[in-house]
There are 2 protein chains.
Amino acid sequence: MNSNVIVRAPLHAQVAERLRLLIDSGELAPGTRLNENELCQNMGVSRTPLREAIRSLATEGLVELQPNRGAIVSVVSQDDVTEILPIMASLEGLGGRLAAVHMQTDQIKQIRKIHNQMVTHYQNYEVTEYFETNQLIHELITEGSGNQTLVDTINSLSAKVRRARFSAQMTRESWAKAVSEHEEMITALEARDPKRLEAILIQHVETKRTTILGSLQQS
Amino acid sequence: MNSNVIVRAPLHAQVAERLRLLIDSGELAPGTRLNENELCQNMGVSRTPLREAIRSLATEGLVELQPNRGAIVSVVSQDDVTEILPIMASLEGLGGRLAAVHMQTDQIKQIRKIHNQMVTHYQNYEVTEYFETNQLIHELITEGSGNQTLVDTINSLSAKVRRARFSAQMTRESWAKAVSEHEEMITALEARDPKRLEAILIQHVETKRTTILGSLQQS
DNA sequence: CGGGTTTATTTTGCATACAAAATACGTTAT
DNA sequence: ATAACGTATTTTGTATGCAAAATAAACCCG
């Protein structure tokens, strides 16, 4: 009679997930010390799974371990962004190159659809929706590479700069540029032109880097 | 009076280190279940730090967690190698491109020295020494990029295929090709030609991929 | 004798308890 | 009053204990 038992994920995984959210949302700001007791009470779990979760986040780079002094939320400096984005550019470029060859035609059509939605959001100044569709397109292209390790690697790097990206204010020009680059991306994908798509993606991430750094500078 | 106190690393870090060694050396073969009690007694620690270490290795991808069924040593399939090496190619290429610009001239001279040693080892059929110097050159170039995140990312990927690389038998031809590619690499580095170095590195890792896959196929 | 069910044992997951280190605090001496 | 020392408290690190799940074994029934 145990038909629809919900096999809930291990506690430490749930805790890790929750911590990621707290960090992404900024509730746990960069530099904050993770007090184990406090977090335990907050989340209603004991220290064991919490600590395991923290270790995971540390390996992912979201928090930093300080021996005998616990963990702090990693602070992503300007330098970190400068380091990470060129790597993401290379990898997204690789992903695009592979996707242009491997993706199914109907998958590409699907991306074109989402792209059109994104453009509408752009025209209507719907920032959140724009970001979401934008992000989705990048993910779909990368997944289209058929290389799961590549997807994981990019996601891991992306996680570290996610907050910086959110908070980065786009200027009218940089936004327009991003959209036009996206248009080129889709066109290259539809034409199944690996080298061209790769080049555009690399350029696109470079544009992003400039935008983010420009925004970080002000603060 | 606490001059030379040795701050020993946290137990879980030591355990993780030891586990990595066991996995790399093959004492813990791919697919092996990690029995916690067994390992605890073996290493003389309790389960807590051991489990934390296992979580770390899981995030690194060296072991695979199976809910309620513990962890097994990851099995690197042919497909995994096929996925990972193109990524490493892109990243090492990026590293080279940056290194060609950023490295100090005397650092480049140092690499040339090591390269010459490597060639000698090649001529004398000293396989182990050849592998070590070879590996060292790649690391030094990547480090020369000045991008620590890049170094970490490459190392993480490298760790997963390390065993496959060791066990890969080089043919006379593939070995010769690898050496000649290395010669080209150093030349491009000395000429501070980023694009050329990048291209060679990408090609070089591609060669490696072929070698490893050819070797995996036989087994 | 074989398949399936129940029971026993092992093994993992989580919580708690204890030890060591680090931090915070108060006291004392200059 | 301030600096420095020593003590108290907090916080992390490790070990152990208990419960649930999974695996292995025994048993029963056909």
Side-chain angles (χ1 to χ4, degrees), chain A residues 1-20 22-23 28-75, chain B residues 1-20 22-23 28-75:
Chain A
M1 267 313 296
N2 63 354
S3 53
N4 38 13
V5 281
I6 292 168
V7 186
R8 78 177 198 287
L11 251 191
H12 61 87
Q14 291 185 55
V15 171
E17 186 61 27
R18 177 121 188 72
L19 282 177
R20 274 190 213 96
L22 287 174
I23 292 174
L28 288 174
T32 309
R33 281 272 291 271
L34 299 181
N35 186 309
E36 296 184 356
N37 287 322
E38 194 180 323
L39 286 171
C40 284
Q41 294 190 343
N42 232 303
M43 306 174 85
V45 300
S46 87
R47 283 177 57 215
T48 309
L50 175 74
R51 285 174 58 82
E52 289 179 350
I54 290 176
R55 256 67 190 176
S56 288
L57 296 190
T59 318
E60 289 169 25
L62 262 71
V63 306
E64 213 168 301
L65 294 181
Q66 302 181 330
N68 294 319
R69 288 172 38 176
I72 63 166
V73 179
S74 296
V75 292
Chain B
M1 264 313 295
N2 63 352
S3 52
N4 38 13
V5 280
I6 293 168
V7 186
R8 83 175 195 288
L11 251 191
H12 61 86
Q14 290 183 57
V15 172
E17 185 62 26
R18 177 123 186 71
L19 281 177
R20 275 190 212 96
L22 287 174
I23 292 173
L28 288 174
T32 309
R33 283 270 292 271
L34 298 181
N35 185 306
E36 295 183 357
N37 286 322
E38 195 180 323
L39 286 171
C40 284
Q41 294 189 343
N42 233 304
M43 306 173 83
V45 300
S46 87
R47 282 176 57 216
T48 309
L50 174 73
R51 286 172 57 83
E52 288 180 350
I54 290 177
R55 257 64 187 179
S56 289
L57 295 191
T59 318
E60 289 169 26
L62 262 71
V63 305
E64 213 169 301
L65 294 181
Q66 303 180 328
N68 293 320
R69 288 173 37 177
I72 64 165
V73 179
S74 296
V75 292

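The chains referred to below are lettered A, B, ... by the order of the sequence lines, with proteins before strands, and numbering in each begins at 1.
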**Q** Output yes when a side-chain donor or acceptor of Thr32(A) lies under 3.5 Å from a complementary backbone atom of Val73(A), and no otherwise.
**A** no

**Q** Examine dT14(D): is either OP1 or OP2 under 4.0 Å from a nitrogen or oxygen in the side chain of Thr48(B)? Give yes or no.
**A** no

**Q** Grab the two heavy atoms, one from Gly61(B) and one from Ser74(B), that are nearest each other, plus how far apart they are.
**A** O-OG, 3.0 Å

**Q** Rounded to the nearest 0.5 Å, how far does CG of Leu57(A) lie from CZ of Arg55(B)?
**A**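 So the gap between those two atoms works out to 13.5 Å.
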
**Q** Give me, pair by pair, the N or O atoms of the protein and of nucleotides 9-13 of chain C that are less than 3.5 Å apart, along with how far apart they are.
**A**
from    : atom 1 : to       : atom 2 : distance (Å)
dT11(C) : OP1    : Asn35(B) : ND2    : 3.2
dT12(C) : OP1    : Leu34(B) : O      : 3.2
dT12(C) : OP2    : Glu36(B) : N      : 3.4
dG13(C) : OP1    : Asn68(B) : N      : 3.1
dG13(C) : OP2    : Arg51(B) : NH1    : 3.0
dG13(C) : N7     : Arg47(B) : NH2    : 2.9
dG13(C) : O6     : Arg47(B) : NH1    : 3.2

**Q** In whole angstroms, how far is the P atom of dT11(D) from the CD atom of Glu38(A)?
**A**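 Distance check: Glu38(A) CD to dT11(D) P gives 8 Å.
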
**Q** I need the CD-C1' distance between Glu52(B) and dG13(D), as an integer number of Å.
**A**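 Nearest whole value for this atom pair: 8 Å.
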
**Q** Work out which heavy atom in Leu62(B) is nearest to a heavy atom in Arg20(B); give both atom names and the distance.
**A**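 Taking Leu62(B) first and Arg20(B) second, the nearest heavy atoms are CD2-CG, 3.8 Å.
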
**Q** For Leu34(B) and Ile72(B), what are the C-alpha separation, side-chain angles and deciding distance, and is it a side-chain contact (heavy atoms from CB on, under 4.5 Å)?
**A** CA-CA 6 Å; Leu34(B) 298 181; Ile72(B) 64 165; over 6 Å; no

**Q** In whole Å, I'd like the distance from the CD atom of Gln14(B) to the C1' atom of dG13(D).
**A**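 In whole Å, dG13(D) C1' lies 12 Å from Gln14(B) CD.
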
**Q** Is it the case that the side chain of Thr59(B) and the backbone of Thr59(A) share a donor-acceptor pair, with hydrogens and angles ignored and the cut-off at 3.5 Å?
**A** no

